[in-house]
Trainee: 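To start, I am sharing the structure in question, which I have written as structure tokens.
Naming convention: chains lettered A, B, ... in sequence-line order (proteins, then strands); numbering from 1 in each chain. Note that these values count all heavy atoms, side chains included, but never hydrogens, waters or copies made by symmetry.
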Protein chains: 2
Amino acid sequence: MYTLDRSLIAGLPPFSGLSRPDLDVILEKARPLRVAAGQAVFEQDTEAPSFFLLLDGHVRVVKTTADGQQVIMRYISAGQLIGIATALGRTTYPATAIAAVDSLALAWPNEAWHELATLYPAFAANTFKTVSARMEEAHERVVELATALVDRRVAHALLRLIEQTGRRTEYGIEIGFPISRQDIADMTGTTLHTVSRLLTAWEHQGFVRSTRKRVTVVDGARLLDHVGRV
Amino acid sequence: MYTLDRSLIAGLPPFSGLSRPDLDVILEKARPLRVAAGQAVFEQDTEAPSFFLLLDGHVRVVKTTADGQQVIMRYISAGQLIGIATALGRTTYPATAIAAVDSLALAWPNEAWHELATLYPAFAANTFKTVSARMEEAHERVVELATALVDRRVAHALLRLIEQTGRRTEYGIEIGFPISRQDIADMTGTTLHTVSRLLTAWEHQGFVRSTRKRVTVVDGARLLDHVGRV
DNA sequence: CTGGTTATTTGCGGTGCAGCAAAGTCAGAG
DNA sequence: CTCTGACTTTGCTGCACCGCAAATAACCAG
């Protein structure tokens, strides 16, 4: 058993601008959901009955193509909404969400979204901002995939990850959850072999350090400069 | 001089669900803008004073990278909004918009968007739908760029274009505006040379026909099947 | 501690596609 | 009609990257 810390939730972006009583009404409708590492929060192309707020942990959102290839669309950290299919007018999830570590989420039934969106304009506005931001991120990724070489794409992916989830360590900034070479490859449209080769090369040059499922960026600026050359 | 055909505009997606008097108020605030083929409607990274509705013609939305490479994000056809930077909370345009043919647009000052969005909920909701749809398109493109080979990407691009703008002709369905090999390359992250080679190969096989800046898809189904094989 | 599973490294050969170069083709301006 | 610039085709060469294979290396359960 546990109790929700409402004051923590009140500060999260999806609910910014909402009054405390309003928030209580909203939280009333949610149920907590624990997800073990490696387990799915929801699966691509299945009926979408709920949307979620990640309270703790890290979740990767993965699209699988018809021929089985996987692409990691994004990593979700605590405080972010996920699986908001209903807000986009969909009835199925467009991707699978897998917990990268043991995670805790709140789940709302879809009906709640529509109630909340009409009752609390700030909530609808926040969702719109989120969707806008994700559209722009996706556009930037399209540009990068269409124009940049693999080393640049992988470097950018690492820098984005440490920006979103990085923790200071003795040697630099470490990505805040376990991530394999395969995962990084699935984020950047390459193979685990190529990622492995890049990481070892960069480790020799002192830009990064890595062990099994852990990556630390020692000097992000020099890494970016390194891959920047034509 | 010309007069707006309000009944035509009333049927366009961005304004669906709005009453005729409401629409008149909205149209009052717009000014017409003619753009010759090859001219920019707006330019990337410049101040965004207005948003636009394309009434006639075709416009391509292009992002240019720091090192000068171009990526065509989308083609806009008549009836679609464009340059809605302000709706996304931006003050500059994230891309350049170039008329592919002589085109006609309506331009509204940004202030109008915020007025309209608050006065007419249906307008805001339509915009949200548009942004959601573009986010999903962008996600699909990320997946395709990350997993599919060039021939598949080019084939898909052609099929999307004929779906959006195709006109029946004697031999098949022709893309509704002039488009060069370079343009197709900029849509799919490849080079004009590769596109040229693909088109000639496909022409020999009877899938497409093409002349200078014109592409006709003869048999889309067989083309897709052809590039689908591993 | 030990065996088994999962993740990583690294070499080698193959290939999809870019880049360069040059010729050919078409359209519009004058 | 012809000249000029824009577009397209096509061959050749090279390289970035993938795919396969096999050897470590790290973690986990019992």
Trainee: Just by modelled atom types, is the B:D183 backbone N or O under 3.5 Å from a matching donor or acceptor in the B:D186 side chain?
Mentor: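 The answer is no, because no donor-acceptor pair under 3.5 Å joins these two groups.
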Trainee: Check every nucleotide of DNA chain C for an atom under 4.0 Å from a heavy-atom of chain B, then give the first and the last such nucleotide from 5' to 3'.
Mentor: C:dC17 to C:dA27
Trainee: Closer to the 5' end of DNA chain D via nearest nucleotide, is it A:R153 or A:T211?
Mentor: A:R153
Trainee: Check whether any side-chain nitrogen or oxygen of A:T190 sits under 4.0 Å from OP1 or OP2 of D:dC18, and answer yes or no.
Mentor: yes
Trainee: Would you indicate which nucleotide in D:dT9, D:dG19, D:dA25 comes nearest to any side-chain atom of A:T191?
Mentor: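 Nearest listed nucleotide: D:dG19.
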Trainee: Assign B:G38 to base, sugar-phosphate, or nothing according to its heavy-atom contacts below 4.0 angstrom with the strands shown.
Mentor: nothing
Trainee: Between the side chains of B:T127 and B:T130, does any donor sit under 3.5 Å from an acceptor?
Mentor: no
Trainee: Can you figure out which of D:dA6, D:dA16, D:dC27 approaches the side chain of A:R212 most closely?
Mentor: D:dC27
Trainee: Does the ring of A:Y171 carry A:R209 above it, NZ/CZ under 6.0 angstrom from centre and within 45° of its axis?
Mentor: yes
Trainee: Measure the distance from CG on A:L149 to C1' on D:dC15 and round it to the nearest whole Å.
Mentor: 11 Å
Trainee: Using a 4.5 Å cut-off on heavy atoms from C-beta on, say whether the side chain of A:F177 contacts that of A:L161.
Mentor: yes
Trainee: Does any part of the side chain of B:L53, heavy atoms only, come nearer than 4.5 Å to the side chain of B:L12, both counted from C-beta?
Mentor: yes
Trainee: If you look at every strand shown and take non-hydrogen atoms under 4.0 Å, does A:S196 touch a base, only sugar-phosphate, or nothing?
Mentor: base
Trainee: Heavy atoms only, 4.0 Å cut-off, all strands: where does A:L199 land among base, sugar-phosphate and nothing?
Mentor: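 It contacts nothing in the nucleic acid.
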Trainee: Hey, does A:L8 have a side-chain heavy atom less than 4.5 Å from the side chain of A:L55?
Mentor: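 Side chain of A:L55 against side chain of A:L8, heavy atoms only: no contact under 4.5 Å found.
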Trainee: Does any donor-acceptor pair link the side chain of B:H193 with the base of D:dT8 at a separation under 3.5 Å?
Mentor: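 Per atom types, no contact qualifies.
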Trainee: Does some side-chain heavy atom of B:R74 sit less than 4.5 Å from a side-chain heavy atom of B:I76?
Mentor: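 A side-chain contact exists here, since the closest heavy-atom pair is under 4.5 Å.
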Trainee: Expressed in angstrom and rounded to an integer, what is the separation of A:L192 atom CG from D:dG19 atom P?
Mentor: 10 Å
Trainee: Rounded to whole Å, how long is the line connecting atom CG of A:L145 with atom P of D:dA16?
Mentor: 19 Å
Trainee: Taking only the side-chain heavy atoms of B:K213 (C-beta and beyond), determine which of D:dC18, D:dT9, D:dC7 contains the nearest atom.
Mentor: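 Closest nucleotide to the B:K213 side chain: D:dC7.
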Trainee: Looking at the side chain of B:S180, which of D:dC18, D:dC7, D:dA26 is the nearest nucleotide?
Mentor: D:dC7
